[in-house]
Amino acid sequence: MPYTFLNELNPSQREAVEYCDGPALVVAGAGSGKTRVLTYKIAYLLRQGIPPWCILALTFTNKAAREMKERIEALVGPDARRLWMGTFHSIFSRMLRAEAEAAGFPPNYTIYDASDSRNLLKTIIKEMHLDDKEYRPADVQNRISMLKNRLVTPQDYGQDAAAYEDDMRSNMPLFRDIYSAYAARLRHSAAMDFDDLLMNTYLLFDRYPDICDRYRARFRYILVDEYQDTNYAQHKIVLQLAGDGRIPVCAVGDDAQSIYSFRGARIDNMLTFDCLFPQARIFKLEQNYRSTQTIVSAAGSLIAKNQGQIPKRVFSEKEKGDPIELFQAYSDTEEAAFVARRLQELRRTGGASYSDFAVLYRTNAQSRVFEEAFRQRGIPYRIYGGLAFYQRKEVKDLVSYFRLVVNPSDEEALKRVINYPARGIGATTLGRIAAAAAQQQTSLWGAILNLEAEPAGLGRSALLKVQAFARLVGSFVELNAQADAYTVAERIVRETGIQAEIFNDSSPEGLSRQENIQELMNSLRAYCDTAQEETGYAARMEDFLSEAALQTDQDTADDDGSTPRVTLMTIHAAKGLEFRNVFVAGLEEELFPSAMACYSPRAVEEERRLFYVALTRAMEHCCLSYARSRYRYGKMEFCNPSRFLSDIDPQYLEVHAPGGGGNAAYSVRSFRPRGEVLQEKRNAPEAPAAGRSWKRVAPSRPVPEGAARSGPNSWVEPGMRVEHERFGAGEVVSVEGEGENAKAAIRFDTCGQKQLLLRFARIKRL
């Protein structure tokens, strides 16, 4: 039987496809054709006469399964439609429905999504009269999910003394009772959550070996995509179906791209595959078809620093390509300005479309400065896999408080926050206030202020809650009349309960919300500092809101998908994608790697794998950047470059020094980890060390006659090169005024000309 389609494979790919005599592990480097090998292997099995219903292929996304089926059908015909191919959850759900009686569920059981599960947990916590600030539904849901993915039943957990001690330390001693009640309510509702689809499949096969044997007899080959992303439960079910190697398993994946441990993924499933299947053959796909030689070699030098990995030598036969650029910015603002400018340069010189560019970052909150920089320069963009910064719920909630403080008659803002965080003011109460407002021909706020005279039909409890809310908002209104925007915002976050609501949630979603709230506060701090430098006056909340409104009310008439746009996304969201040009931003200690990972060698290795994923998204050009300073927790902090930059062989890097406008290239000799100084042939101006304040440096030569002034920064004169802690390097264009009114017009290399009051300007002489 001819297999001419196999001629499209390289020797390594073909060898992996044709081996079907036992278990196999295909270690597929980035861009090496992993999906092609899976697709062609299934087509090869079908051509060998194995019926499609005897092949089980497990994927992580419906999209991957659908695309593979379409490719297989193009190779071998409509038989591909009869494959047992789909996501773990869809395939196991199919099995559970077929074996519903043994599993203890009706065949028409319901599958609860994450929202359904969380709502049920909220109900249980309320019925048990527990404090939902201590037993946060999101935290409880996350813990239950992790337990199910480790195949820990409520019964097992209830008998674990160490687990109970851990619950006590977490101030959740009744967590085991919630877990038991949750499982019971699901069963009574004839429902399973997503994690149950895995755990119940494992339990079904474990308790009824005859059922497991029946499926083993059905399947003659098992294929698993993205094996590095499997969790404990998925791995154990594969082992059950394989029957100690009786059914050949072909696992395909890249241990260097295992980045989802926070979801329960276990890289050890892949690293120990040959121990579990001693007869397994290991195939390595090492030719990268995506990226230039330079990018592939740089990524290889990086990932080689990990201890826990399957060694491989990924190579590319494409052109050598340009060096990877590394830009050191004075601040996150300058970093974003550099990315925008360099992007436009590459687009102009390389004939690229905006859709050929991606900006990758570690956390969603980092998108804000890039959104602002792109808007200023008219660069179209889209946020992939998420909302624009000011459209995120937690940001909109807090901004609604800001709007309400500036204008208490803002009805939409009031309705959004009157019961956020929850304070017992429900829809019925709000409806009665609205009816009273209509009757009195006033705003909702006017009706609330008039509740003492006109209670609007509210009961005593509801009346007290609304009045307490009114007093709270009133105190913010008073503060806003005399304080700057940041001070007002800080008090709102603290006194409304948003701080407790957001910052006590340790789930991945909760951490993302924390980062977004903190980034909004950072933007306020920066706005206030800049306003003081430029005008000498405190920034008002109404001014900040006006600027934010201009940022959020973009004209989206052309956003129909036809306009090429730059993609902004987290690195986690970028996995599996590729772009001609990639910018990786925020390469700083405690940002990338994240602060939570810095003291765990295993966690640092995962962060390094995440950086490897970022690098290998680039096809032609890759640019890395980090900021020497950025606002954190409302104050300017100085940052150390990421230790990962020292992991890349310097021969693949071209460093652009601060103040050079991105045009001065420096060759790197070495880059020491943990924020030590980048050693260059020519030294760039040093930033202040962490924790040290910026000093105003006196000139080294006398101030010329006629230029003398008194007060701070009196040494500034036209033609000087100066450095600002946020805007970077620039040249003084002109100086005017005397004493406290003295101003300097400074043309900065990255963000244009600004006029600063010298008594507030955070500058030093270069």
Side-chain angles (χ1 to χ4, degrees), residues 30 256-257 259 291-309 311 313-314 321-330 332 335 338 360-362 366 571 582-618 622-630 637-658 660 664-690:
Q257 298 187 64
I259 59 174
S291 309
T292 64
Q293 294 178 38
T294 296
I295 292 170
V296 170
S297 298
S301 69
L302 167 80
I303 204 63
K305 305 302 188 296
N306 270 11
Q307 298 298 311
Q309 64 172 309
R313 187 187 66 84
V314 180
D322 296 328
I324 293 176
E325 296 183 71
L326 173 60
F327 181 78
Q328 308 165 77
Y330 287 97
D332 54 346
E335 179 185 37
F338 160 75
L360 309 182
Y361 34 75
R362 180 64 181 81
Q366 289 171 259
I571 303 168
V582 169
F583 292 83
V584 187
L587 282 158
E588 300 142 31
E589 284 291 295
E590 299 192 356
L591 181 56
F592 197 4
S594 72
M596 292 186 294
C598 283
Y599 302 101
S600 165
R602 189 177 178 91
V604 167
E605 291 213 343
E606 176 154 333
E607 292 283 298
R608 188 178 284 111
R609 293 194 295 269
L610 188 62
F611 186 25
Y612 175 83
V613 167
L615 286 175
T616 54
R617 299 312 93 197
C622 185
C623 184
L624 315 176
S625 62
Y626 69 90
R628 289 178 167 182
S629 63
R630 68 175 65 235
E637 291 190 356
F638 294 98
C639 312
N640 293 323
S642 170
R643 69 189 75 183
F644 297 150
L645 294 173
S646 67
D647 292 338
I648 300 176
D649 190 322
Q651 68 175 302
Y652 304 119
L653 292 177
E654 181 181 87
V655 182
H656 294 256
Y666 293 72
S667 63
V668 179
R669 291 201 299 269
S670 65
F671 200 170
R672 299 194 299 273
R674 293 186 177 275
E676 295 184 31
V677 181
L678 191 65
Q679 302 297 314
E680 302 167 313
K681 289 183 178 177
R682 288 176 285 173
N683 290 325
E686 290 190 8

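Scope of the values below: all heavy atoms of this structure, side chains included, with no hydrogens, waters or symmetry mates. Residue numbers count from 1 along this sequence.
- What you find for Leu653 and Pro323 is that their closest heavy atoms are C-CB, 4.4 Å.
- The CG atom of Leu610 lies 5.0 Å from the CD1 atom of Ile259; values are rounded to the nearest 0.5 Å.
- Using a 4.5 Å heavy-atom cutoff, the side chains of Leu615 and Ile648 are in contact.
- For the atom pair Leu360 CG and Cys623 SG, the distance stands at 11.5 Å (nearest 0.5 Å).
- Contact of the Val582 side chain with the Ile295 side chain is not registered, since no non-hydrogen atoms from C-beta on lie closer than 4.5 Å.
- In terms of heavy atoms, Tyr599 sits closest to Pro601 at O-CD, 3.9 Å.
- Between Ser297 and Gln651 the shortest side-chain heavy-atom distance does not fall below 4.5 Å.
- Of the possible donor and acceptor atoms, none in the side chain of Gln328 sits under 3.5 Å from a partner among the backbone N and O of Arg628.
- Closest of all the heavy-atom pairs between Ala30 and Arg617 is CB-NH2, 4.3 Å.
- For Ala256, the side-chain contact (heavy atoms from CB on, under 4.5 Å) criterion is met by Asp254, Ile303, Lys312, Tyr612, not counting sequence neighbours.
- Nearest heavy atom pair, residue Phe644 against residue Leu302, reads O-CD1, 3.8 Å.
- By the 4.5 Å heavy-atom criterion applied to side chains, Pro593 and Glu589 are counted as neighbours.
- Taking Arg609 as the reference, Glu606 meet the salt bridge (charged side-chain N to carboxylate O under 4.0 Å, His left out) condition, with sequence neighbours excluded.
- Residues forming a ring-ring contact (aromatic ring centres under 6.0 Å, His included) with Phe611 (at least two apart in sequence, or on another chain): Phe592.
- For Glu607, the side-chain hydrogen bond (donor to acceptor under 3.5 Å, both in side chains) partners are Arg362, not counting sequence neighbours.
- Residues that satisfy the salt bridge (charged side-chain N to carboxylate O under 4.0 Å, His left out) test with Glu605, not counting sequence neighbours, are absent from this structure.
- A heavy-atom distance below 4.5 Å is not found between the side chains of Val314 and Thr616.
- Taking Ala603 as the reference, Ala597, Ser600 meet the side-chain contact (heavy atoms from CB on, under 4.5 Å) condition, with sequence neighbours excluded.
- Between Gln366 atom CD and Glu335 atom CD the span is 7.5 Å, to the nearest 0.5 Å.
- Of all the heavy atoms in Thr294 and Gly321, the pair that sits closest is OG1-O, 3.5 Å.
- With values rounded to the nearest 0.5 angstrom, Leu624 atom CG is found 12.5 Å from Phe327 atom CZ.
- Taking all atoms of both residues into account, the shortest heavy-atom contact from Leu591 to Gly586 is CD2-O, 3.5 Å.
- Here the side chains of Leu326 and Tyr626 are in contact, with some heavy-atom distance below 4.5 Å.
- Side-chain N or O atoms of Ser291 include one that pairs as donor or acceptor with a backbone N or O of Ala618 at under 3.5 Å.
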